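Accompanying notes for the structure given below.
Everything quoted here is computed from the prediction, not taken from an experiment. We count residues from 1, following the sequence as given. All heavy atoms count here, side chains included; hydrogens, waters and symmetry mates do not.
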Amino acid sequence: MLPARVFAVAPLALVMLALSGCSPWNCTDTTAERGKAGVRVQVVDTNGQPLGVTAAVVDWRLEPHPQVPSEGDRVHFRFRFDGANEYFDPAVDACAVDKERVALGCQTVYSSQAFGPADDPLTGDDWLAVEHPEQVAGVLLIPNDQSYDRRTCEEDIKDGGGMHPPEPPSKGDQLR
């Protein structure tokens with residue numbers, strides 16, 4: 001049987017370890033590097049490994065959104081995911097870019113959004129609002145899968161941490 005002193009000192013020792021930065025759970029958050037944007041990309045996990053899914057921009061055009069035509073032109077683009085299914089729903093960031101590949105507006109698109117017309121059920125479409133539509137030179141996809149982001153150390157020191165997808169691109173980011 002252990003003496004009462006051991007039971008009294010043990011919690012204090014754990015508190016001291018935690019305050020010193022030596023926790024029984026060594027939790028670290030890291031962020032994956034953003035992949036090279038393209039019109040057609042192989043979707044990759046946070047370690048840069050291909051997931052067996054290809055995402056592609058089928059086409060794009062400038063036109064008013066039918067629900068808010070008074071707001072002027074937006075970027076209407078069609079995209080396609082090959083290799084995804086109803087059990088695996090990868091997502092990539094889509095960005096309207098200028099001729100220098102500077103992001104003018106971005107958002108995440110999921111493979112589950114690609115349920116297009118019967119003649120091409122793997123396609124979907126979406127809209128990007130940009131401040132200066134006349135500057136749009138194309139729509140690019142970033143290959144990093146954004147569909148799952150594990151909990152951070154701050155949220156869950158025991159089970160959180162690890163590799164996270166890169167931050168979504170912002171207006172003005174230079175895409176490589």
Which heavy-atom pair separates Ser112 from Asp89 by the least distance, and what is that distance? N-OD1, 2.7 Å
Students often mix this up, so state it plainly: with edges at 30° and 60°, are the rings of Trp127 and His76 parallel, tilted or perpendicular? parallel
Locate the shortest heavy-atom distance separating Asp126 from Gln113; write the atom from each residue and the value. OD2-NE2, 3.1 Å
Would you say Arg61 has more than 12 foreign heavy atoms packed within less than 6.0 Å of its CZ? yes
So how far is it from Leu62 CG to Gln135 CD, rounded to the nearest 0.5 Å? 11.5 Å
Distance check, rounded to the nearest 0.5 Å: Thr54 atom OG1 versus Leu122 atom CG? 11.5 Å
Please say yes or no: joined through hydrophobic side-chain contacts below 4.5 Å, possibly via intermediate residues, are Val44 and Leu175 part of one cluster? no
From Thr123 OG1 over to Arg80 CZ, what is the distance, rounded to the nearest 0.5 angstrom? 7.0 Å
Could you report the tightest heavy-atom contact between Val41 and Leu141, atom names first, then the distance? CG1-O, 3.5 Å
Val109 reachable from Val39 in the ILVMFWY side-chain graph, under 4.5 Å edges: yes
Can you confirm whether the side chains of Thr152 and Asp29 place a donor and an acceptor under 3.5 Å from each other? no
Please indicate whether Glu33 has more than 12 foreign heavy atoms, meaning atoms of other residues, nucleotides or ligands, lying under 6.0 Å from its CD. no
Could you label the plane-to-plane angle of the Phe79 and Phe77 rings as parallel, tilted or perpendicular, counting under 30° as parallel and over 60° as perpendicular? tilted
Leu140 CG to Arg101 CZ distance, which is reported to the nearest 0.5 Å: 5.0 Å
Indicate if Val130 and Val102 have the same hydrophobic cluster label, given that clusters are the connected sets of ILVMFWY residues with side-chain heavy-atom separations under 4.5 angstrom. no
Compare all side-chain heavy atoms of Asp73 with those of Pro64 and state whether any distance is below 4.5 angstrom. yes
Glu167 atom CD, over 12 foreign heavy atoms within 6.0 Å: no
Could you walk me through whether Asp45 and Asp145 satisfy the side chain to side chain contact (heavy atoms under 4.5 Å, CB included) test, starting with their C-alpha distance in whole Å, then the side-chain angles of each, then the deciding distance to 0.1 Å, before giving a yes or no? CA-CA 6 Å; Asp45 66 14; Asp145 182 18; 5.6 Å; no
Output yes when a side-chain donor or acceptor of Gln146 lies under 3.5 Å from a complementary backbone atom of Pro166, and no otherwise. yes
Has the side chain of Asn47 got a donor or acceptor atom that lies under 3.5 Å from a matching backbone atom of Gln49? no
When you look at CD of Glu154, are more than 12 heavy atoms from neighbouring residues, nucleotides or ligands closer to it than 6.0 Å? no
Considering all heavy atoms, the nearest Phe88-Ser111 contact: O-OG, 3.8 Å
Which atoms form the tightest heavy-atom contact between Ala96 and Leu128, and what is the distance? N-CD1, 3.5 Å
Is it true that Asp93 and Arg34 have a side-chain N and a carboxylate O under 4.0 angstrom from each other? no
Polar side-chain atom of Asn144 near backbone of Gly35 as donor-acceptor pair, under 3.5 Å: yes
Taking atom CG of Leu51 and atom OG of Ser147, what is their separation to the nearest 0.5 Å? 8.0 Å
Which pair of non-hydrogen atoms, one from Ala103 and one from Val97, has the smallest distance, and what is that distance? CA-CG1, 4.2 Å
Just verifying a value: how many Å separate Arg176 CZ and Ile142 CD1, rounded to the nearest 0.5 Å? 10.0 Å
Could you tell me whether a side-chain N or O of Glu100 sits under 3.5 Å from a main-chain N or O of Gln174, the two making a donor and an acceptor? no
